[in-house]
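Read the structure below first, then the notes.
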Amino acid sequence: MPRGDAMDKNELRRRILARRNGLDGAERAKKNEAIFRNLVSIPQVQAAGTFLLYLDFRGEVETARILQWGWQAGKRMAVPVTVPAERKLVPVEIRSFTELEPGAYGIREPKAGGRVPVPVDTIDAVLVPGVAFDRRGGRLGYGGGYYDRFLLLLRSDALKIGLAYELQLVEEVPAEEHDVQLDLLVTENAVVNCR
């Protein structure tokens with residue numbers, strides 16, 4: 001990757017994270033509620049049986065309500081366990097918030113004792129975090145490449161959905177060959193079909 005692209009990505013991350021961190025609590029809660037409503041209105045989301053979703057961290061779009069909705073709807077809900085030594089994510093089923101503890105990078109994940117792995121080929125939809133997104137399905141993550149590697153393992157019909165505040169949208173995310181495009185982007189204002 002040319003050095004200029006790395007600088008562009010780092011500058012974009014810095015700028016968008018500053019914007020996202022600037023949201024006040026009431027505004028953030030209102031946007032999270034609208035994103036939740038938009039997400040669960042999508043027919044493919046309603047039809048999906050098994051989800052992998054991130055556990056929000058440091059100002060990301062919140063996912064607790066989505067987990068509760070999935071449990072109440074009888075869906076199988078999984079969250080990623082990060083394996084830094086292998087730079088990979090392992091999907092693990094979660095049935096309650098009491099199963100969580102801080103894991104790699106301080107992000108909550110299921111406790112080590114009773115983890116039930118979820119086969120990747122059973123996942124119908126993945127809710128993907130990120131720093132910046134564009135309307136064509138481009139996503140700028142945090143730089144570790146964990147999700148890009150994981151998304152390549154999914155079935156071709158599994159939905160890849162980005163959750164973002166409108167303030168995280170940019171004209172174009174700097175893309176590399178290995179970057180995986182999202183199918184849908186859900187914000188407080190819209191559901192964007194990126195295909």
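Note that this is a predicted model, so its numbers are computed, not measured. Heads up: numbering here begins at 1 and tracks the sequence.
Hydrophobic clustering places Leu163 together with Val191 (ILVMFWY residues linked when any side-chain heavy atoms are closer than 4.5 Å, directly or through intermediates). Both Tyr147 and Leu153 are assigned to one and the same hydrophobic cluster, defined by single-linkage of ILVMFWY side chains at heavy-atom distances under 4.5 Å.
Ile107 has its side chain out of reach of Tyr54: every pair of non-hydrogen atoms, C-beta onward, lies at least 4.5 Å apart. Thr187 places none of its side-chain heavy atoms less than 4.5 Å from the side chain of Val192. Between Arg108 and Asp56 the shortest side-chain heavy-atom distance falls below 4.5 Å. The closest side-chain heavy-atom distance from Val180 to Phe150 is not below 4.5 Å. Counting only heavy atoms from C-beta outward, the side chains of Leu52 and Val118 never approach each other to under 4.5 Å. Residues Asn32 and Val61 form a side-chain contact, since some pair of their non-hydrogen atoms from C-beta on lies under 4.5 Å apart. Counting heavy atoms from C-beta outward, Val79 and Met77 have side chains that stay 4.5 Å or more apart. Leu89 places a side-chain heavy atom less than 4.5 Å from the side chain of Thr82.
Closest non-hydrogen pair, Asn38 versus Ser41, comes out as O-OG, 2.7 Å. Smallest separation of non-hydrogen atoms from Pro84 and Ala104: CG-CB, 3.8 Å. Among all heavy-atom pairs drawn from Ile16 and Leu167, the shortest one is CD1-O, 3.8 Å.
Annotation: cation-pi geometry satisfied between Arg149 and Tyr146 (NZ/CZ under 6.0 angstrom from ring centroid, within 45° of ring axis). In this structure, Arg76 fails the cation-pi test against Phe51, since its NZ or CZ atom is not both closer than 6.0 Å to the six-membered ring centre and inside 45 degrees of the ring normal.
Listed for the Arg139 side chain is no donor-acceptor partner under 3.5 Å among the backbone atoms of Phe133. Formation of a donor-acceptor pair under 3.5 Å by the Lys75 side chain with backbone atoms of Trp69 is not found in this model. Using a distance-only test at 3.5 Å, with no hydrogens or angles considered, no donor-acceptor pair links the side chain of Arg28 to the main chain of Glu62. For Asp134 (side chain) and Val170 (main-chain N/O), no donor-acceptor pair under 3.5 Å exists by modelled atom type. Looking only at distances, a side-chain donor or acceptor of Asp124 sits under 3.5 Å from a matching main-chain atom of Gly49. With hydrogens and angles disregarded, no donor-acceptor distance shorter than 3.5 Å links the side chain of Arg37 to the backbone of Glu188. Put simply, the side chain of Arg13 never gets that close to the backbone of Ala132: no donor and acceptor are under 3.5 Å apart.
Partner Glu166 forms a salt bridge (charged side-chain N to carboxylate O under 4.0 Å, His left out) with one of Arg20, Arg135, Lys31, Arg19 and no other, that one being Arg135. Screening Leu185, Leu184, Leu127, Asp183 for a side-chain contact (heavy atoms from CB on, under 4.5 Å) with Lys160, the sole residue that qualifies is Asp183.
One finds the CD1 atom of Ile94 at 5.5 Å from the CG atom of Leu67 (value rounded to the nearest 0.5 Å). Here Tyr165 contributes atom OH and Glu60 contributes atom CD; the two are 9.0 Å apart, rounded to the nearest 0.5 Å. In this structure, OH in Tyr142 is found 13.5 Å from OH in Tyr105, a value given to the nearest 0.5 Å. Atoms CG and CZ, from Leu182 and Arg195 in turn, are 11.0 Å apart once rounded to the nearest 0.5 Å. Here CG of Asp148 is found 5.0 Å from CG of Asp179. Values are rounded to the nearest 0.5 Å. One distance of note links CD1 of Ile42 with CD1 of Ile161; it measures 5.5 Å at 0.5 Å rounding.
Counted within 6.0 Å of CZ on Arg95, heavy atoms from surrounding residues, nucleotides or ligands total 12 or fewer; the atom is thus considered open. For Arg87, the CZ atom sits in a packed shell: over 12 heavy atoms of surrounding residues, nucleotides or ligands are nearer than 6.0 Å.
Ion pairing between a basic and an acidic side chain is recognised when a charged N comes within 4.0 Å of a carboxylate O; Lys30 and Glu27 show no such pairing. Ion pairing of Arg115 with Glu109 is present here, as a side-chain N (NZ or NE/NH1/NH2) and a carboxylate O approach within less than 4.0 Å.
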